Amino acid sequence: MDNNHVVLETKNLNVFYGNFLAIKDVNFQVFRNQITAIIGPSGCGKSTLLRSFNRMNELVPSARSEGKILFNGEDIYDPTIDPVEVRRKIGMVFQKPNPFPKSIYENIAWGLKINGFRGSKSEMDDLVEQALRGAALWDEVKDKLDQSGLSLSGGQQQRLCIARAIAIKPEVILMDEPASALDPIATLKIEDLMRELKENYTIVIVTHNMQEAARVSDYTAMMMLTGEGERSGTVIEFDRTNIIFTRPKDKRTEDYITGRFG
Amino acid sequence: MSTLTALRDVTFERNLSLRKLKGKLFEIIAFFAILLGIAMLLTLLIDVFLDGLPWISTKLITEFPSRFPDKAGLRSALQGSVWLMVLTAVMAIPIGVGAGIYLEEFAPQNRITRFIEINVANLAGVPSIIYGLLGLGLFVRQLGLGRTLIAGAMTMALLVLPIIIVTTREAIRAVPQSIRQAALALGATDWEVSRDHVLVYSAPAIMTGIILAMSRAIGETAPLITIGALTYIAFDPKGPFDIFTVLPIQIFNWVSLPNPDFHGLAAAGIIILLAVLLSMNALAIWLRNRLQIRW
Amino acid sequence: MPRETLIRQINQIRDEILILGSMVEQATLSAIQALKNRDTHLAREIFEADQNINEKRFAIENAIITLMATQQPMARDLREMTAMLEVNTELERMGDYAKGIAKVVTRLGEGDVIIPIQEIEKMAEIAVSMLHRALGAFVSENHVQALAIPKEDDQVDELFNQAYRKIIEAMIANPNLIDHTNLMLWVIHNLERLADRVTNICERTVFSATGELFEIDGMDEDDANV
């Protein structure tokens with residue numbers, strides 16, 4: 001579609017839960033330093049697709065996938081690849097803010113420690129500050145780094161989770177409806193933050209909120225249930241966001257984004 | 001209360017006063033239920049205290065049991081109880097907590113796991129005397145440990161193991177899945193997630209469960225009688241392979257003697273046992289309230 | 001089907017646009033009538049009609065903005081509503097052309113002048129017919145029909161050229177009437193522009209229906225003629 005560098009690419013991706021084909025034949029690309037939104041009605045497999053990108057899907061015991069997901073050209077589902085390694089490179093922010101019930105400082109520092117940080121205390125302090133600044137949270141928390149992450153407001157907690165994710169410097173950040181549990185102001189802050197983050201990271205966001213997808217994303221993938229009995233989700237249209245929201249090509253996309261779906 | 005004009009409605013038989021009366025009635029019944037419970041407990045406590053308070057003295061702790069009520073004490077029973085609790089804890093905690101963690105965090109979701117889970121849950125409901133019989137057959141006779149502290153502690157460990165496993169699992173399950181996912185998404189291994197998060201956050205609840213299990217262990221009598229713990233021990237237990245007695249057995253013994261003075265001693269023993277149990281439970285409650293994380 | 005409120009309100013606005021369109025058609029035809037009959041009374045009525053057109057235009061604009069703010073239209077809905085804004089503005093301008101012609105009528109008063117009334121009437125007839133059908137195509141989102149209408153602008157241009165020559169000849173023949181005859185250039189210019197603006201409505205119809213944004217050919221041919 002463009003000459004942009006492709007960071008993630010799915011090739012004929014099928015994901016099963018047991019015998020149930022949850023998403024089928026998904027082919028699309030995620031471009032570097034762009035925000036890609038995945039939209040679609042409930043239960044169409046948006047989160048499943050997102051969680052395939054960092055192999056979080058495997059936590060569901062019956063989950064299984066076919067096809068490929070290329071991360072910088074390398075298949076992350078190759079048997080020789082350790083999912084732990086994938087997740088270190090492809091971070092994730094969840095729907096509900098889920099900071100650890102530890103101090104704000106520890107929330108950031110833990111990811112660095114387990115990933116083998118061997119520096120001094122002051123180096124660690126710097127990295128924690130960097131991450132918190134990167135998530136536009138530093139000014140609000142710099143005087144209370146030893147307080148529990150749970151003491152923050154919902155919006156701050158979510159930015160703490162973003163700080164925690166960027167602290168280990170991943171290439172891609174997956175966001176699963178990151179603002180759906182937040183009030184409108186906190187939502188807009190997260191959206192602003194996403195636009196800043198895309199300077200250094202590649203972001204994939206799943207959202208129910210079409211306006212949010214329209215506001216923040218550069219590319220949009222529209223998912224819809226198709227196939228036998230309309231039970232398996234797939235990407236029916238993928239294009240630049242401004243095209244998807246003004247003149248989509250697929251009638252189903254049009255019906256969905258104009259609210260005439262179902 | 002007069003009905004709002006807007007709510008006067010011919011089609012509904014609202015009968016609000018009758019409905020409220022029913023609610024009030026239920027409240028009164030429930031109140032008497034709790035009153036009855038408290039009254040019984042109070043009666044029991046008052047009775048025990050009236051009988052036992054005159055016998056409370058330092059002698060009770062410093063003296064060995066004796067045929068003469070004024071010389072008799074709980075020294076060996078107290079030490080036996082402490083020994084038993086420590087030995088039980090040493091054996092039951094690592095095994096129980098470990099099993100709980102394994103079942104909750106690592107075990108594959110299959111039939112064998114489910115079979116084990118169901119059995120553990122059922123074991124918690126097995127009458128304690130059955131454990132006594134098992135201890136007698138296995139530890140005392142088969143392993144030839146005799147009627148020693150270690151045999152008793154192993155029996156007790158078996159008894160409290162299901163409790164510890166079940167409470168550990170519940171404590172671990174109370175740690176939200178989202179926390180595990182957050183940690184895994186940072187590139188953590190399963191072990192790192194368990195060590196730095198799941199165990200840390202569930203520790204207060206696990207501790208609470210352990211304390212409650214231990215208070216069960218020092219209150220139990222039947223299995224120890226079954227394996228043949230003695231009632232008359234006139235020396236300090238020196239180690240796990242000594243014969244022993246414990247508080248409830250000593251109390252039981254005194255109660256069964258004809259001399260009413262021993263009944264007073266038994267009541268005093270009950271007061272001490274109660275004090276130990278209640279303070280352990282209080283500690284458990286304190287732990288739960290102060291340290292437990294509210295998600 | 002969900003979004004019934006949005007659909008109902010869009011339909012209402014479509015109706016309002018049709019009403020505004022018919023007001024403009026009426027004003028244009030009346031202006032030509034007034035010119036033909038040298039009826040300054042009728043011309044003044046057109047001034048008032050233009051007031052109504054302006055008011056209606058703002059009312060429609062408000063309704064569209066409110067609907068956008070409250071319903072967050074997307075894709076086809078978004079395109080249609082922006083197109084409605086555009087069409088609304090075009091109609092108001094057309095109303096101004098009619099008013100311009102009415103102004104010419106009052107300026108002429110009883111004065112002598114040569115009017116190429118045949119060409120002017122024909123131009124008005126074609127332009128109003130184009131407008132009428134263009135609005136029909138717009139509200140029914142019929143982009144095929146919308147694409148065909150601008151071709152008829154050629155006839156208007158042809159009539160414009162004929163009328164233009166007649167007016168110039170009249171000026172040469174009667175230099176003393178040049179002040180009044182010159183006003184006829186306004187009249188034919190206004191009618192020619194009105195027909196051009198119909199093309200804009202057709203372009204918006206195509207955009208609204210298909211999402212394609214382009215100029216329909218023939219639009220700028222008048223540059224060469226003026």
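Order of the sequence lines sets the chain letters (A, B, ...), proteins ahead of strands, with each chain counted from 1. Given the structure is predicted, the values throughout are model-derived calculations rather than measurements. In what follows, every heavy atom counts, from backbone to side chain, and hydrogens, waters and symmetry copies are set aside.
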If you measure from CG on A:N115 to CG on B:L186, what distance do you get to the nearest 0.5 Å?
-> 7.5 Å
Which one, A:M56, A:R55, A:Q95, leads in non-hydrogen pairs under 4.5 Å with chain B?
-> A:M56
Heavy-atom contact with chain B under 4.5 Å, split by part of A:F100 | both
Looking at A:W110 and B:E192, what are the two nearest heavy atoms and their distance?
-> CZ2-O, 3.8 Å
In terms of heavy-atom proximity below 4.5 Å to chain B, should A:I114 be classed as side chain, backbone, both, or neither?
-> both
Under 4.5 Å to a heavy atom of chain B? For A:R164 that would be both
With a 4.5 angstrom heavy-atom cut-off, which part of B:Q177 approaches chain A: side chain, backbone, both or neither?
-> neither
Around B:I112, counting heavy atoms of other residues, nucleotides and ligands shown, do more than 12 lie under 6.0 Å from its CD1?
-> no
Considering non-hydrogen atoms only, spot the tightest contact between B:I179 and A:P99 and give its length.
-> CD1-O, 3.4 Å
A:E66 atom CD: more than 12 heavy-atom contacts under 6.0 Å | yes
Give a yes or no on this: more than 12 heavy atoms of other residues, nucleotides or ligands lie within 6.0 Å of atom NZ of B:K22.
-> no
Step through the shown structure and confirm whether more than 12 heavy atoms of other residues, nucleotides or ligands are within 6.0 Å of CG on B:N289.
-> yes
Nearest heavy-atom pair of B:G187 and A:V84: which atoms, and what distance?
-> O-CG1, 3.1 Å
Can you measure from NZ (A:K113) to CG (B:D196) and round to the nearest 0.5 angstrom?
-> 8.0 Å
For A:K89, does the NZ atom sit with more than 12 other heavy atoms under 6.0 Å from it, leaving out its own atoms?
-> no
Heavy atoms of other groups near B:F31 CZ, more than 12 under 6.0 Å | no
Verify the neighbour count for atom CD1 of B:I34: are there more than 12 heavy atoms of other residues, nucleotides or ligands below 6.0 Å?
-> no
Under a 4.5 Å heavy-atom cut-off, does chain B meet the side chain of A:P83, its backbone, both or neither?
-> neither
